[in-house]
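Excluded from the calculations below are hydrogen atoms, water molecules and symmetry mates; all remaining heavy atoms, backbone and side chain alike, are included. Order of the sequence lines sets the chain letters (A, B, ...), proteins ahead of strands, with each chain counted from 1.
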There are 2 protein chains.
Amino acid sequence: MEIETKPNFKFINSMWENDYYSIHDKMYIATDCIIFGFDEGVLKLLIFKRKVQPDEGKFSLIGSFVKLNESVSSAANRVLEETTGLKNVFMQELKTYNAVDRDLGFRCISIGQYALIRIEDYDKDLVEKYGAMWYTFDELPDLVLDHNLMVKDAIARLRRKARYQPIGFELLPEKFTLPQLQSLYEAIYQREMDSRNFRKKVLSFGVLIKLEEKDKTSSKKGAFYYKFDNKKYNELLSKGINFEV
Amino acid sequence: MEIETKPNFKFINSMWENDYYSIHDKMYIATDCIIFGFDEGVLKLLIFKRKVQPDEGKFSLIGSFVKLNESVSSAANRVLEETTGLKNVFMQELKTYNAVDRDLGFRCISIGQYALIRIEDYDKDLVEKYGAMWYTFDELPDLVLDHNLMVKDAIARLRRKARYQPIGFELLPEKFTLPQLQSLYEAIYQREMDSRNFRKKVLSFGVLIKLEEKDKTSSKKGAFYYKFDNKKYNELLSKGINFEV
DNA sequence: ATTATTAACGTAAAAAATACATTTATTTTA
DNA sequence: TAAAATAAATGTATTTTTTACGTTAATAAT
């Protein structure tokens with residue numbers, strides 16, 4: 001380990017393990033996760049408060065260095081599991097953050113990845129242990145380094161992506177209702193939608209399966225549950241069909 | 001330099017200079033350029049024939065290791081200038097290629113970037129000196145490593161991107177005619193378009209400035225030149241307007 | 001049985017996309 | 001110098017998609 005050659009970066013000692021092979025005295029490769037969650041009609045972001053120097057007490061995205069023997073997405077999935085208990089989360093590469101001076105004194109390229117979490121699923125204990133928490137998207141505190149920019153880029157990507165891929169389903173439980181789906185899209189796009197037009201559109205894709213069961217938690221009448229027909233979706237995708245909502 | 005620690009990769013000696021700081025015995029960061037050009041109605045790709053082992057004689061994208069003191073896009077621009085003589089080419093990050101075993105025996109993450117070149121502009125001598133050449137997109141030879149995948153990803157991105165950003169203008173000369181612009185889009189989308197509808201649409205964005213001058217190289221009547229109104233475009237972009245053609 | 005609450009649904013109007021054929025400017029050739 | 005050849009420029013009618021908008025239905029709570 002070349003840690004000794006960088007006395008002003010002792011802080012990362014605590015984060016390092018001997019098998020973080022990407023840590024050397026030249027260039028560092030990391031990944032940061034922009035983790036969105038959707039809960040009670042609002043879009044949230046998973047961030048944590050740094051417990052070590054520098055920037056102790058400041059808020060940060062959850063990230064990790066990339067090990068020599070893992071892919072970038074493995075690294076992100078690893079840290080995500082450590083933080084939330086969730087495995088195999090849907091995750092997409094956002095872009096690299098590679099400005100020469102983006103980190104404090106050493107060269108580090110970070111590959112941003114955004115993830116969409118079903119908030120109900122995550123392991124509360126693990127999240128608390130790690131010091132991570134869900135923040136309402138509109139009320140985010142300031143983040144370290146270029147993490148604010150990452151969040152800005154990620155929400156822009158999410159909005160665009162949601163227009164041609166049914167990405168939003170990843171944010172909802174396996175079974176979801178149309179009102180839930182609509183409120184998710186409203187949260188992503190930050191605007192209200194007409195329920196009749198929304199239903200018409202979303203059902204017209206033919207990738208939703210209506211279930212017998214109803215969700216009665218939010219109304220007396222109850223709303224039918226739907227689930228996503230992955231097989232049908234992949235068929236349509238391969239034919240080049242657009243899923244713009 | 002840690003080259004000696006990797007005796008089986010002496011081949012890269014010839015490509016290395018002392019200031020390629022990203023070359024160490026742990027993880028390597030590179031960038032590869034997927035360079036599209038448009039010429040005489042066909043989409044082309046700039047590739048070169050490797051002159052060194054391994055894979056000598058095979059075709060490859062143009063790429064470089066990323067230096068410690070340069071951004072990824074600087075690295076790509078540097079190698080692009082070395083190869084084509086062009087500076088400040090419009091370039092966009094595609095995605096990272098980071099599979100653990102993607103390179104031959106050592107760990108190398110490559111950041112794919114795609115560029116759009118006005119073929120008329122490039123320095124023919126430089127391109128020839130370097131061994132690079134333009135290949136018609138539909139007739140590409142097999143490329144080394146995962147470069148075929150990069151090309152596949154890049155054309156898909158180009159097609160999608162062209163739908164909501166006037167990216168295509170980057171592929172044309174400063175002054176271009178509407179028939180040229182249409183034929184460019186036809187090449188990107190691989191389908192014919194109706195000229196009346198195309199003109200209607202493209203002019204409706206209000207980002208094209210009609211010039212007095214005509215291009216008479218392809219017809220007796222001649223076609224008016226247009227140029228792209230960058231200022232107007234940026235205004236509209238900030239208002240969130242879509243440029244789908 | 002009444003009230004309260006949210007889910008489910010259809011149609012008419014406006015806007016956008018598509019399909020389609022003729023005239024125009026200019027050069028070349030007879 | 002008139003005729004022919006060539007690609008550029010243009011408008012309208014039809015279809016499709018998007019938008020706007022109000023009423024009835026199912027159930028739980030009172």
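For B/D215 and D/dA9, the CG to C1' distance is 15 Å, given to the nearest whole Å. For A/E192 and D/dC21, the CD to P distance is 14 Å, given to the nearest whole Å. Rounded to an integer number of Å, the gap from CZ of A/F224 to C1' of D/dA25 is 11 Å. Protein atom CD of A/Q182 is 12 Å distant from nucleotide atom C1' of C/dA8, rounded to whole Å. Rounded to whole Å, the distance from CG on B/L178 to C1' on D/dA7 is 13 Å. Across the protein-nucleic acid pair, A/K214 atom NZ and C/dA7 atom C1' stand 7 Å apart, rounded to whole Å. The NZ-P distance, from B/K216 to D/dA5, rounds to 21 Å in whole Å. Atom CD of B/E212 and atom C1' of C/dA25 are 15 Å apart (whole Å).
In this structure, a donor-acceptor pair under 3.5 Å is present between the side chains of B/E93 and A/T96. There is no side-chain donor-acceptor pair under 3.5 Å between B/T136 and B/D138. Between B/D32 and B/Y97, the side chains place no donor N or O within less than 3.5 Å of an acceptor N or O (distance only, hydrogens not considered).
With sequence neighbours excluded, the residues satisfying salt bridge (charged side-chain N to carboxylate O under 4.0 Å, His left out) with A/E213 are A/K175. Partners of B/D146 by salt bridge (charged side-chain N to carboxylate O under 4.0 Å, His left out), not counting sequence neighbours, listed by chain and number: B/R102. For B/D194, the salt bridge (charged side-chain N to carboxylate O under 4.0 Å, His left out) partners two or more places apart in sequence, or in a different chain, are B/R196.
Legend: side chain to side chain donor-acceptor pair (under 3.5 Å) pairs involving residues 201-211 of chain B, not counting sequence neighbours: none detected.
Remark: the B/K221 side chain and the D/dA8 base include a donor-acceptor N/O pair separated by less than 3.5 Å.
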Tabulated below should be each protein N or O lying under 3.5 Å from an N or O of nucleotides 10-17 of chain D; please produce it.
residue	atom	partner	partner atom	Å
D/dT12	O4	B/K200	NZ	2.8

Using a cutoff of under 3.5 Å, can you pull out all pairs of nitrogen or oxygen atoms linking the protein to nucleotides 2-4 of chain D, with atom names and distances?
none

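Centroid-to-centroid, the aromatic rings of B/Y135 and B/F59 come within less than 6.0 Å.
Geometrically, B/K200 does not engage B/F198 in a cation-pi contact defined by less than 6.0 Å to the ring centre and at most 45° from the axis.
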